[in-house]
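Numbering of ligands and ligand atoms starts at 1, following listing order. For the numbers below, each heavy atom of this structure counts, side chains included, while hydrogens, waters and symmetry mates do not. Index from 1, following the sequence.
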Amino acid sequence: MDEHHLSQRLQLVASFVNAGSRIADIGADHAYLAASLIVNNVAEYAVAGEVARGPFENAVAEVKRQGLTGRVIPRLADGLAAINDSDRVDTVIIAGMGGSLIRKILDQGQARLATIQRLILQPNIGAANLRRWLADHRFQINHEQLVEEDGHIYEVIVADPVAMPVVYNERELIFGPLLLEQAGPVFRDKWLGELQRDERTIQQLQKAKQSPVEREAKFKHRIDLIKGVLG
Ligand code: SAM
């Protein structure tokens, strides 16, 4: 993979960036996504934030190699601390991490979200908690899409700020308000897989000498929800 050949997952993330955006990709690793958005004239400016020195140095080398100095700015920083006011960033991308880490990054960086027009998030797991955070902080989910790559199904969630409070019910938080409406074949594959995993977990729990009743009830409830959605 490089800026000319993004993975399908990152191509989907990139497809939600509006033309002329000023983006910050947090956890940018090699900065391939940020570089691709600039090289393809989608974004006009990009910050590539990284908390780890190794990936940050990879990003610096990549930006130099591509002659993108000044248009892609690698920054060694934790979360949204990579964004300065003078960057005039309007779009934040956080991809390829767990939902709870993405949520923590957003929560700790709330002060820097005031002027953000779009969040493009790709949690590897834990999307429900992330959706709850978005609703609690007046971000409305306007696009959601799944992509299958190398045997994994990834969720991309795009949320934009709104003035009115946002409320999602339990089903919408778990399955995604827009993914529920689409309920396409990849959605069915994802949730059939989750259903099988939850059923195996329940079997394991029931084998325990003292079955953890609360956990079992939680999984049973999830299984009922999944069966209800899959029909
Ligand atoms: N975003 C790329 C993608 O989707 O392919 C890279 C994903 S990689 C699995 C996650 C990256 O996030 C790592 O390079 C890690 O160092 C970085 N990261 C983790 N926590 C971070 C934080 N709090 N702030 C900035 N970067 C972070």
Under 3.5 Å, is there a donor-acceptor pair linking the side chains of Q122 and E155? no
What distance separates D25 CG from Y32 OH, expressed to the nearest 0.5 Å? 13.0 Å
Is there a path of hydrophobic side-chain contacts, each under 4.5 Å between heavy atoms of I/L/V/M/F/W/Y residues, joining L173 to V162? yes
Return a table of N or O atom pairs, ligand 1 on one side and protein on the other, at distances under 3.5 Å, rounded to 0.1 Å.
from: ligand 1; atom 1: 1 (N); to: G27; atom 2: O; distance (Å): 2.7
from: ligand 1; atom 1: 1 (N); to: A95; atom 2: O; distance (Å): 3.0
from: ligand 1; atom 1: 4 (O); to: R9; atom 2: NH1; distance (Å): 2.7
from: ligand 1; atom 1: 4 (O); to: R9; atom 2: NH2; distance (Å): 3.4
from: ligand 1; atom 1: 4 (O); to: A95; atom 2: O; distance (Å): 3.3
from: ligand 1; atom 1: 5 (O); to: R9; atom 2: NH2; distance (Å): 2.7
from: ligand 1; atom 1: 14 (O); to: E50; atom 2: OE2; distance (Å): 2.4
from: ligand 1; atom 1: 16 (O); to: E50; atom 2: OE1; distance (Å): 2.9
from: ligand 1; atom 1: 16 (O); to: E50; atom 2: OE2; distance (Å): 3.4
from: ligand 1; atom 1: 23 (N); to: D78; atom 2: OD1; distance (Å): 2.7
from: ligand 1; atom 1: 24 (N); to: G79; atom 2: N; distance (Å): 2.8
from: ligand 1; atom 1: 26 (N); to: V51; atom 2: N; distance (Å): 3.3

Are more than 12 heavy atoms, taken from residues, nucleotides or ligands other than D85, located less than 6.0 Å from that residue's CG atom? no
Say whether D198 and Q196, considering side chains only, have a donor N or O and an acceptor N or O under 3.5 Å apart. no
Would you tell me whether D87 and Y45 have side-chain atoms, one donor and one acceptor, within less than 3.5 Å of each other? yes
